[in-house]
2 protein chains.
Amino acid sequence: MADQHSTLRARRRAQTQRMIQGHAVRLFAERGYDATTVNDVAEAAGVSPMTVYRHFPTKEDLVLVDQRGELVAERIAASPVEQLLARRIGDALVDAAAALTGDDDGRAFLLTRLRLMVSTPALRARHLDNQYALQQAIIDALGADTADPEAAFRAEAAAGACLSALHTALVRWAQDDGRGELPGLVTKALTAVFGQEVFGGEGVSGEATASR
Amino acid sequence: MADQHSTLRARRRAQTQRMIQGHAVRLFAERGYDATTVNDVAEAAGVSPMTVYRHFPTKEDLVLVDQRGELVAERIAASPVEQLLARRIGDALVDAAAALTGDDDGRAFLLTRLRLMVSTPALRARHLDNQYALQQAIIDALGADTADPEAAFRAEAAAGACLSALHTALVRWAQDDGRGELPGLVTKALTAVFGQEVFGGEGVSGEATASR
DNA sequence: ACCTTCTTGGTAGTCACTATCAGTACGGTA
DNA sequence: TACCGTACTGATAGTGACTACCAAGAAGGT
């Protein structure tokens, strides 16, 4: 068994996944999330309800996970999290936003999903929770001293504010139907919170690293 | 029918509500949230499952709503929201935190509920969503110009950061078993995000009011 | 060709939650 | 005190998300 026994099996799996999610998001946007059952999705996709659950553990995942199988929150932090120690959180999030809107083909699909996330309580709640989990991951990646609770607390507050700004930018971008530039919106939101000086010399992560 | 046909009927209703919630939170803390069914709660409380659903629309509400029948997020903003226009958000949140921990009798109960909210994904997600709804309410209360999208955007980002700081303080307070002072933690979190100058002359709401 | 592994479908069940109907106790009124 | 509308409660049946458990067919390497 090779490290990637992928060639055909994994490709078919990914294709089925995209197909199911495509039908799901379309139906959700047409009829509404609550008014659409998983059975409806399965029927539209031409598979059994079991298959839907095998690819997407919960109904919410049909909207929340990316076509790469990642949650939106995870993808936002995919590249930057490893660079957080070396770079400032703010710039990293701006880059992540740029990467998110990079591929033009999936832009409309992403917009539809974001609109569902904002308007549907269950989806919105789970998305916010994913962002919160991301906040914890960022703090862990920052390696905030567990020895100094004060520094860890400040780092947590700063990271939370960063992700809150990111969410604000995401919502506004979706409300604008993706016409604006998402990275620019993230920058605006971050400066609105932290002030202009964040994007100069001292970074946001300075709050946490200053104590070490 | 008096404005308050309360005297006995409403009192009994509130009492039943507290009784059911007391059994629910106790069982959730003992056996775990997911491992406890609504039927278990009903049986422990000596009522029918129907009655539980009549008092608490969802299972999550058994933990999230206050003994006054309000969500934690709602109670946090109960008094300050009306004063947000006149006062700074930061100080208002600090006061709200003080009011939240005011009554010593319900302190242990509140702590148990907060621990459940932090540790149980479904509860955590709904609590975060409630805070997000609160953020929208604050923005509405601030009366941010719909005419000036830039100002509204900055106000939204600032309010989101404030509530994120509040949440960080709440979690830390619960982790400390309520030994620390919640208002002090809120102040710390806010200063960690906005810097020291926030608690001097210019308020957080200055971001929004500056444009009017 | 053989065997393992992955993928899919079917069945039955649990649990959260809703709708509907009926009985009962409370509160104010005549 | 007798009466009536209004709440509160309970039982039944149903929907829908989700989870075992089991069986069949296809993919891939030997």
Side-chain angles (χ1 to χ4, degrees), chain A residues 1-21 23-25 27-28 31-65 69 116 120-123 125-126 129, chain B residues 1-21 23-25 27-28 31-65 69 116 120-123 125-126 129:
Chain A
M1 53 178 79
D3 183 36
Q4 281 182 325
H5 43 173
S6 49
T7 33
L8 199 144
R9 198 113 80 170
R11 213 194 311 270
R12 286 181 76 89
R13 181 173 178 80
Q15 180 183 348
T16 316
Q17 214 154 342
R18 272 196 301 272
M19 188 263 291
I20 293 175
Q21 191 180 24
H23 285 284
V25 170
L27 289 180
F28 291 159
R31 311 179 190 173
Y33 178 80
D34 291 326
T36 307
T37 71
V38 176
N39 281 23
D40 294 340
V41 173
E43 194 176 357
V47 295
S48 106
M50 283 301 311
T51 303
V52 176
Y53 281 116
R54 251 182 270 272
H55 286 275
F56 301 90
T58 72
K59 183 185 179 185
E60 296 161 353
D61 285 327
L62 283 166
V63 178
L64 293 176
V65 306
L116 282 170
T120 308
L123 296 175
R126 272 220 31 192
D129 192 44
Chain B
M1 55 176 78
D3 183 37
Q4 281 181 325
H5 45 170
S6 51
T7 34
L8 199 143
R9 197 114 80 172
R11 213 194 311 270
R12 285 181 75 89
R13 179 173 178 80
Q15 182 182 347
T16 314
Q17 215 153 345
R18 271 195 302 271
M19 189 262 291
I20 293 175
Q21 191 181 24
H23 286 285
V25 170
L27 289 180
F28 291 160
R31 310 180 192 173
Y33 178 79
D34 292 326
T36 308
T37 70
V38 177
N39 280 23
D40 293 340
V41 174
E43 193 177 355
V47 296
S48 102
M50 282 303 309
T51 304
V52 177
Y53 282 115
R54 251 181 269 270
H55 287 275
F56 302 90
T58 72
K59 184 184 178 185
E60 297 161 353
D61 284 328
L62 282 166
V63 177
L64 294 175
V65 306
L116 283 170
T120 308
L123 296 175
R126 272 220 31 193
D129 192 44

To the side chain of [X], which of [options] is closest?
X        : options                   : value
Thr37(B) : dA19(C), dT11(C), dC15(C) : dC15(C)
Tyr53(B) : dA16(C), dT9(D), dC18(D)  : dA16(C)
Met50(A) : dA11(D), dC21(D), dA16(C) : dC21(D)
Thr51(B) : dA16(C), dT9(D), dT20(C)  : dT9(D)
Arg13(A) : dT19(D), dT8(C), dA16(C)  : dT8(C)

Of His55(B) and Thr58(A), whose nearest nucleotide on DNA chain D comes first from the 5' end? His55(B)
Nearest nucleotide by nearest heavy atom, which residue falls closer to the 5' end of DNA chain D, Glu60(A) or Thr16(B)? Thr16(B)
Separation of atom [atom1] in [X] from atom [atom2] in [N], rounded to whole Å:
X         : N       : atom1 : atom2 : answer
Phe56(B)  : dC8(D)  : CZ    : C1'   : 15 Å
Lys59(B)  : dT18(C) : NZ    : P     : 14 Å
Gln17(B)  : dT9(D)  : CD    : C1'   : 14 Å
Met19(A)  : dT8(C)  : CE    : C1'   : 12 Å
Asn39(A)  : dA17(D) : CG    : C1'   : 10 Å
Glu43(A)  : dG10(C) : CD    : P     : 12 Å
Leu123(B) : dA16(C) : CG    : P     : 12 Å
Leu27(B)  : dC15(C) : CG    : P     : 14 Å

Stepwise side-chain contact (heavy atoms from CB on, under 4.5 Å) test for Gln17(A) and Arg13(A): CA-CA 6 Å; Gln17(A) 214 154 342; Arg13(A) 181 173 178 80; 4.2 Å; yes
When we call it a touch if two heavy atoms are under 4.0 Å apart, what does Arg54(A) touch: a base, just sugar-phosphate, or nothing? base
So what does Pro57(B) touch, heavy atoms closer than 4.0 Å: a base, only the sugar-phosphate, or nothing? sugar-phosphate
Does OP1 or OP2 of dA27(D) have a side-chain N or O of Arg12(A) closer than 4.0 Å? no
Closest approach of Ser48(B) and Ala42(B), non-hydrogen atoms and distance? C-CB, 3.8 Å
Drop me the distance from Phe28(B)'s CZ to Asp40(B)'s CG, to the nearest 0.5 angstrom. 9.0 Å
Rounded to the nearest 0.5 Å, what separates atom NE2 in His55(A) from atom CG in Leu62(A)? 11.0 Å
Lys59(A) and Thr37(A), any side-chain heavy atoms less than 4.5 Å apart: no
